[in-house]
Number of protein chains: 2
Amino acid sequence: MSTREKILHTALELINDKGYVHVGVREIGRALKKSPGNISYHFSKKEDILIALLEQYRETNSALYEDYFAGQPSAHRFLELMKGIFDSQFRYRGVFIGNQFVKEEIQSGNRYDYRATYQQRLSGFTRIFRELRESKHLQVSDEDIEFLVAHIALVGRFWIYEATLFDKSPNQESTVKHYLDLLARQISLFATPLGAQDISEFRVSQE
Amino acid sequence: MSTREKILHTALELINDKGYVHVGVREIGRALKKSPGNISYHFSKKEDILIALLEQYRETNSALYEDYFAGQPSAHRFLELMKGIFDSQFRYRGVFIGNQFVKEEIQSGNRYDYRATYQQRLSGFTRIFRELRESKHLQVSDEDIEFLVAHIALVGRFWIYEATLFDKSPNQESTVKHYLDLLARQISLFATPLGAQDISEFRVSQE
DNA sequence: GTCTATACAAGGATAGAC
DNA sequence: GTCTATCCTTGTATAGAC
């Protein structure tokens with residue numbers, strides 16, 4: 001593992017544990033028995049570490065979406081996709097939580113074009129729901145789809161904040177299960193009998 | 001207005017505008033033509049300013065809940081309550097957004113017992129939905145209520161994060177309207193004809 | 001190209017004079 | 001209640017060794 005990769009690995013662990021603002025450049029160096037200046041050599045700004053982690057996260061997710069779109073649309077496979085995304089968000093939780101910076105980076109769009117990725121994700125979800133309508137898993141109007149997409153955009157982004165709000169280090173399995181369950185119940189409200197069966201099968205498979 | 005109140009007022013403005021981490025003690029002092037040491041005299045730690053603002057926010061909200069529970073339960077009045085809460089969250093948006101600290105304060109529970117307040121709010125929502133069932137506005141099982149409460153807890157806390165994610169200073173009226181609308185649509189899914197009429201009346205009144 | 005040592009600036013916190 | 005002076009930590013930049 002290169003020094004750069006080691007830094008990212010250690011930084012993510014520390015950030016998940018203590019939060020971005022409380023992890024100093026000196027501390028990352030100490031954990032790796034390197035000098036703080038060496039960290040600066042690989043990442044000239046502390047924020048650059050966060051950018052690199054965000055990039056890793058985005059690549060993981062893009063692969064998950066590609067997998068989904070390569071197969072047949074179904075409520076079951078959609079929930080599997082969401083489980084993959086939630087697991088990956090959990091792994092990178094420290095990157096999202098409690099730092100003004102990610103927000104600023106998103107707003108400035110200088111280095112990490114989050115806005116474009118986000119728009120892509122939203123149209124991805126719109127496409128997913130339209131396909132689930134065509135495949136008779138969901139019975140939804142265009143307005144319903146808009147509503148569901150807005151819902152997923154919010155829940156899918158902020159569940160991890162809520163999960164770590166009262167519990168500093170929650171259990172990944174039960175936490176992801178809880179929020180997936182909420183999501184499953186939400187789309188159940190628009191499911192056809194076929195979709196409902198698919199969803200209940202998924203929920204059983206997660207027991 | 002006492003110096004203490006002036007500090008809180010100015011700090012909230014600056015924090016809403018620039019974010020907590022980017023507002024320095026020296027800067028608050030400069031805006032008030034006071035020395036930084038004087039700010040420290042009134043609030044020995046920068047975090048204490050945030051605590052005091054959280055306290056103001058909580059008091060505003062408690063009054064709103066009391067008003068609601070003093071009257072008759074209805075879907076319309078419930079949405080009015082939520083509008084009051086959303087407006088107040090908007091006013092204090094900088095306090096919630098982009099700082100690790102509020103989270104830590106919640107977790108430690110040293111000075112600001114957020115956990116207890118939060119639990120109160122959750123049982124408040126459970127009560128509200130049970131009453132709306134009794135008054136024939138909603139047709140919900142106990143499981144549905146649990147689901148709706150979980151939903152409101154998440155959306156009601158994090159909509160303001162989402163709203164400021166891509167837009168640094170969003171328009172209060174249209175933003176609150178958008179998220180209230182999502183909320184109205186969500187409870188519409190469980191509404192009786194009476195409740196549905198109540199909800200659509202509310203939506204019309206917000207045009 | 002990789003790393004260490006070190007200097008500098010900015011911001012929160014504190015002691016003590018008035 | 002208010003101010004000045006000072007300390008300490010932390011992000012950042014750079015000179016120079018290997």
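Excluded from the calculations below are hydrogen atoms, water molecules and symmetry mates; all remaining heavy atoms, backbone and side chain alike, are included. Letters A, B, ... mirror the listed sequences (proteins, then strands); counts begin at 1.
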> Hey, can you pull the residues of residues 5-16 of chain A with a non-hydrogen atom under 4.0 angstrom from DNA chain D?
Replying inline: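 None, since no heavy atom is under 4.0 Å.
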
>> By the salt bridge (charged side-chain N to carboxylate O under 4.0 Å, His left out) test, which pairs, at least two apart or in different chains, include something from residues 64-85 of chain A?
In response: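 Non-adjacent pairs meeting salt bridge (charged side-chain N to carboxylate O under 4.0 Å, His left out): A:K83-A:D87.
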
> Among pairs that include at least one residue of residues 142-153 of chain A, which meet salt bridge (charged side-chain N to carboxylate O under 4.0 Å, His left out), considering only residues two or more places apart or in two chains?
Replying inline: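 Counting only pairs at least two positions apart or across chains, the salt bridge (charged side-chain N to carboxylate O under 4.0 Å, His left out) contacts touching residues 142-153 of chain A are A:R133-A:D142.
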
Of all residues at least two apart in sequence or in a different chain, which pass the salt bridge (Lys or Arg N to Asp or Glu O under 4.0 Å) check with [X]?
X: B:E55; value: B:R58
X: A:D167; value: none
X: A:E131; value: A:R127
X: A:R185; value: none

> According to the side chain to side chain donor-acceptor pair (under 3.5 Å) rule, which pairs have a member within residues 23-43 of chain B, sequence neighbours left out?
Replying inline: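 Those involving residues 23-43 of chain B are B:K18-B:E27.
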
>> I'd like to check the side-chain contact (heavy atoms from CB on, under 4.5 Å) partners of A:S2; sequence neighbours left out, ordered by chain and number.
In response: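 A:R4, A:E5.
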
>> Once side-chain contact (heavy atoms from CB on, under 4.5 Å) is applied, do any residues pair with B:S205, and if so which ones, sequence neighbours excluded?
In response: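 For B:S205, the residues satisfying side-chain contact (heavy atoms from CB on, under 4.5 Å) (neighbours in sequence not counted) are B:H76, B:F202.
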
> Can you give the first and last nucleotides of DNA chain D, 5' to 3', that have an atom under 4.0 Å from a heavy atom of chain B?
Replying inline: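 Answer, 5' to 3': D:dG1 to D:dT4.
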
> Nearest heavy-atom pair of B:S74 and B:L132: which atoms, and what distance?
Replying inline: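 Heavy atoms only, the tightest pair is C-CD2, 3.4 Å.
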
Using nucleotides 10-14 of chain C, report all nitrogen or oxygen pairs with the protein that are shorter than 3.5 Å.
unit_1 : atom_1 : unit_2 : atom_2 : d
C:dG12 : OP1    : B:K46  : NZ     : 3.1
C:dG12 : OP2    : B:V25  : N      : 2.8
C:dG12 : N7     : B:R26  : NH1    : 2.7
C:dG12 : N7     : B:R26  : NH2    : 3.4
C:dG12 : O6     : B:R26  : NH2    : 2.9
C:dA13 : OP2    : B:K46  : N      : 2.7

